[in-house]
Number of protein chains: 4
Amino acid sequence: MKPVCLVIGAGAGIGGNVGKRFAAAGYHVVLCRRSNEQGLQDLVQQIEADGGSASGRLLNAAAEDSIEECVSSVEAEIGPIEVALYNLGAQIGNRSLEETSYKAFELGWRLGTFGLFRLASVLCPLMAERGKGSILVTSATSAMRGNSGQHSHAAAMGGRRMLCQSLNAQYASKGVHVAHILVDGAVDAPDTLGKMLGPEVFAQLREKHGGENDGLMLPAEMAETYFHIAHQHRSAWTHELDLRAFSDVAWWNHE
Amino acid sequence: MKPVCLVIGAGAGIGGNVGKRFAAAGYHVVLCRRSNEQGLQDLVQQIEADGGSASGRLLNAAAEDSIEECVSSVEAEIGPIEVALYNLGAQIGNRSLEETSYKAFELGWRLGTFGLFRLASVLCPLMAERGKGSILVTSATSAMRGNSGQHSHAAAMGGRRMLCQSLNAQYASKGVHVAHILVDGAVDAPDTLGKMLGPEVFAQLREKHGGENDGLMLPAEMAETYFHIAHQHRSAWTHELDLRAFSDVAWWNHE
Amino acid sequence: MKPVCLVIGAGAGIGGNVGKRFAAAGYHVVLCRRSNEQGLQDLVQQIEADGGSASGRLLNAAAEDSIEECVSSVEAEIGPIEVALYNLGAQIGNRSLEETSYKAFELGWRLGTFGLFRLASVLCPLMAERGKGSILVTSATSAMRGNSGQHSHAAAMGGRRMLCQSLNAQYASKGVHVAHILVDGAVDAPDTLGKMLGPEVFAQLREKHGGENDGLMLPAEMAETYFHIAHQHRSAWTHELDLRAFSDVAWWNHE
Amino acid sequence: MKPVCLVIGAGAGIGGNVGKRFAAAGYHVVLCRRSNEQGLQDLVQQIEADGGSASGRLLNAAAEDSIEECVSSVEAEIGPIEVALYNLGAQIGNRSLEETSYKAFELGWRLGTFGLFRLASVLCPLMAERGKGSILVTSATSAMRGNSGQHSHAAAMGGRRMLCQSLNAQYASKGVHVAHILVDGAVDAPDTLGKMLGPEVFAQLREKHGGENDGLMLPAEMAETYFHIAHQHRSAWTHELDLRAFSDVAWWNHE
């Protein structure tokens with residue numbers, strides 16, 4: 001039986017590429033995203049065409065019991081989850097305090113912080129019982145510093161980071177590897193950055209920084225590091241690391 | 001007309017003592033707490049007996065519109081709020097992941113993070129329009145690092161800290177001074193620490209570390225620093241500082 | 001006998017103004033600077049004209065035994081040092097790696113890190129024996145993050161910050177209050193910023209950001225916070241805090 | 001011609017194992033250590049016996065021109081250095097301030113901070129001209145927080161960390177990948193931990209935490225992460241990451 005890798009937030013960027021990477025290494029990958037059944041099936045088919053094994057599920061992570069049921073049914077029907085990637089963003093673009101509604105702020109927390117808590121609540125005990133497992137958490141610059149226009153995102157990501165540390169503190173010694181992966185730059189991802197910027201601006205950005213300039217983070221390359229972290233020997237685990245393009249400026253250096 | 005200082009979370013510890021300190025300096029202090037009408041009136045009377053001016057309100061910060069209505073009515077009936085102290089804790093004691101219910105985690109966020117967002121949403125624009133004002137935010141060790149048993153608290157406080165930085169980034173240049181005050185130790189406060197530990201353990205702790213040993217943080221002394229921060233000249237503002245007893249160990253040094 | 005406040009690095013900026021503030025509160029202030037006997041005597045006379053008590057010493061902090069002898073002779077001839085301010089900078093302006101000589105890098109360490117170690121080595125045991133004392137350390141943005149052009153300064157200040165934490169860890173419980181004061185912005189100080197920029201650029205900066213705009217940090221105002229920190233009750237000490245002008249951007253937000 | 005990997009600080013722990021890992025991947029590895037010619041030759045022979053290519057040099061990193069000459073002669077005689085590992089420690093064991101001599105403090109800086117500055121001064125320009133290269137820097141808990149007994153070590157490592165950030169800020173966009181690898185725990189390394197603790201205590205520690213318990217960090221496993229970091233695609237570089245055994249407590253959680 002193949003080991004199982006669960007990806008929550010499996011678009012065409014980090015999530016999908018991490019899924020591909022684990023599938024290429026022999027995992028069965030369960031890909032979850034909120035919408036776009038077609039995109040999901042395309043991803044499954046790409047993985048299968050490359051000789052891998054995958055399945056897809058539409059999942060509204062904000063809905064009650066959605067994450068919990070997903071974990072139980074995967075565990076029951078497919079197999080024990082060895083690796084889970086929590087890859088849901090909570091970025092809503094630059095918005096001043098006045099432009100940030102209570103609803104947006106709460107949704108940021110639901111996806112950015114609470115969803116990970118729910119995943120961990122059902123999955124950590126299972127992994128701890130098995131004495132092994134990895135929970136990879138994609139995080140963002142806003143987990144490290146707040147900024148004008150990031151009220152909702154920074155609150156959600158700051159909470160996410162502290163939650164990761166709390167989970168690590170309770171579960172690392174039981175064999176559960178929680179990693180907080182700080183994505184500190186723009187990812188070449190049509191489903192997230194592309195949608196946020198709109199097709200035109202995204203195309204311009206890609207032309208300027210992407211391609212051979214490697215100024216946008218390539219999710220297929222990022223996936224190599226996600227995979228490495230999940231396979232570190234337990235005598236040498238990483239809890240936190242940052243990722244950015246060589247040509248980019250670290251969060252502590254730029255605006 | 002006296003300047004107004006609004007204290008959200010005015011028990012017998014930090015909140016009440018900050019209230020007293022500002023009243024002693026000529027502010028009218030509006031003291032808000034969730035329950036204990038008697039304790040609230042006692043505090044108002046103490047302040048008045050010392051020649052100060054204060055009023056008290058019961059406020060359920062988790063309830064819809066409660067904070068917002070409080071701000072509007074204080075502004076309308078008493079006067080412009082010059083200083084607000086957000087002093088609501090979200091500590092629920094050491095609880096493992098399994099012992100942390102979804103409800104507890106959500107309440108942690110409602111009081112720890114969302115309540116400050118709501119306060120800021122109504123108050124920052126008013127202060128910015130007036131070109132001045134201070135929002136003092138009591139924070140905790142859990143804003144800096146997660147820990148086993150702190151899943152809910154750390155997530156809430158990590159979000160709070162990043163929110164403070166975001167508010168500062170948008171509003172400092174408009175004259176609104178947001179300060180994140182990291183309370184990194186046990187406060188000699190019967191309403192919070194006392195209730196959490198129970199009367200017996202609290203009495204033992206006080207005997208061992210309190211009194212002349214100054215091993216518990218004295219809220220009346222802490223209030224001096226809160227007051228100082230709110231009165232820094234705008235050419236030299238502090239956004240973040242820590243506070244702990246001299247005999248205590250800093251968060252980065254101890255378990 | 002007046003309590004003694006020793007200022008190492010007493011120019012016309014932070015050092016001189018902290019000296020004035022403590023003198024105004026009844027301290028005898030010992031002002032030390034490397035050169036400019038005239039400036040030193042002027043400062044002493046200003047303090048005396050205001051009714052305070054002060055003395056001045058030329059001190060080359062990079063020279064062997066200079067700091068040590070200064071401490072012993074002050075203790076022997078004037079009285080026990082209650083407060084010491086270590087205010088020596090190590091900023092050499094923006095210099096690329098190629099422009100940073102080994103000699104400059106070493107001098108940065110000598111003034112930025114080693115000088116404080118030497119001061120602490122002689123003073124902490126004395127203060128610990130007396131069960132009280134404060135060591136205030138002026139620090140800079142470069143203690144928190146390195147930057148292009150800050151190789152020497154950041155290395156020196158990063159070392160200084162970790163040293164402050166080490167001193168605090170050993171000595172706080174013995175009554176010695178070590179505070180790391182992060183000056184995160186431009187100070188309106190002719191002796192340091194003024195010399196680094198040259199008179200013309202400094203004058204322009206002052207015109208644009210200074211004066212009523214309060215965009216430069218006013219050292220006389222900063223001195224209020226230095227004074228406050230040194231007088232916190234030992235049940236509520238601050239180890240680290242930042243200072244910047246309201247209109248400035250925090251280090252984690254800007255380049 | 002094989003790519004060259006230079007290891008400064010090549011004992012039987014991290015340095016030697018990183019050397020082996022790079023040699024196994026086709027690098028010629030230049031191993032440098034201060035003393036123990038026999039240990040050095042044994043390491044070279046092990047690598048060669050495994051089919052790899054290596055050479056060894058005795059190098060006193062504290063001596064003038066030593067690092068500089070090493071780099072020039074390797075570049076001239078062997079080939080361009082693609083990866084350099086700066087692996088010199090500055091740990092002198094727990095020593096109170098009184099027990100930390102000026103000489104020890106200065107040596108800590110010479111090995112901990114200044115040696116890296118010297119290496120970077122000669123190597124970064126070469127790498128930048130070639131548009132690629134990696135400098136991996138082994139760091140320690142003391143880079144993140146000072147502690148009682150760590151005055152010298154923390155000052156040296158705090159300086160090292162800020163220097164790494166400064167180098168990254170200037171050189172990343174030129175293709176030079178500087179990584180600050182935070183070793184946050186005890187490494188199963190006879191040449192460093194073994195010598196510091198003495199053979200008996202080291203043997204006890206190994207018995208209790210090592211072996212199948214994986215409670216000591218295994219340098220051969222750590223080397224996998226060093227290797228991974230040096231081979232990240234330039235669109236997704238890590239500047240800082242931590243490493244510790246699964247059963248250990250993160251620096252922000254323990255004493």
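Residue numbers start from 1 in every chain, and the chains themselves are labelled A, B, ... in the order their sequence lines are given, proteins ahead of strands.
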Please classify the contact of B:Met157 with chain A as side chain, backbone, both or neither, using a heavy-atom distance under 4.5 Å. neither

Check for a donor-acceptor pair, side chain of B:Ser166 on one end and backbone N or O of A:Ser148 on the other, with a separation under 3.5 Å. no

Nearest heavy-atom pair of B:Gln170 and A:His151: which atoms, and what distance? OE1-NE2, 2.7 Å

Surrounding CZ of A:Arg34 (heavy atoms of other residues, nucleotides or ligands, distance under 6.0 Å), is the total greater than 12? no

Tell me whether B:Glu77 at atom CD has more than 12 heavy atoms from other residues, nucleotides or ligands lying less than 6.0 Å away. yes

For atom CD of A:Glu99, decide whether the heavy atoms of other residues, nucleotides or ligands shown that lie under 6.0 angstrom number more than 12. yes

Any side-chain heavy-atom pair of A:Met144 and B:Gln165 under 4.5 Å: no

Heavy-atom count around A:Lys174 NZ within 6.0 Å, excluding the residue itself: above 12? yes

Side chain, backbone, both or neither: which part of B:Thr100 has a heavy atom under 4.5 Å from chain A? both

Heavy-atom pairs under 4.5 Å with chain B: which of A:Arg161, A:Met162, A:Glu98 has the most? A:Met162

Is it true that A:Glu68 and B:Tyr102 share a donor-acceptor pair across their side chains at a distance under 3.5 Å? yes

Within this structure, what is the CG-CG distance for the pair B:Asn168 and A:Asn147, rounded to the nearest 0.5 Å? 10.0 Å

Could you look at B:Ala143 and say if it's the side chain, the backbone, both or neither that has a heavy atom under 4.5 Å from chain A? backbone

Top contributor to chain B interface from A:Thr113, A:Leu163, A:Leu97 [non-hydrogen pairs under 4.5 Å]: A:Leu97

Using non-hydrogen atoms and a 4.5 Å limit, figure out which bit of A:Leu116 sits close to chain B: side chain, backbone, both or neither. neither

Answer key: most heavy-atom pairs under 4.5 Å with chain A among B:Ala156, B:Ser96, B:Pro125 is B:Ser96

Side chain, backbone, both or neither: which part of A:Ser173 has a heavy atom under 4.5 Å from chain B? neither

Give, as side chain, backbone, both or neither, the part of B:Arg160 having an atom under 4.5 angstrom from any heavy atom of chain A. neither

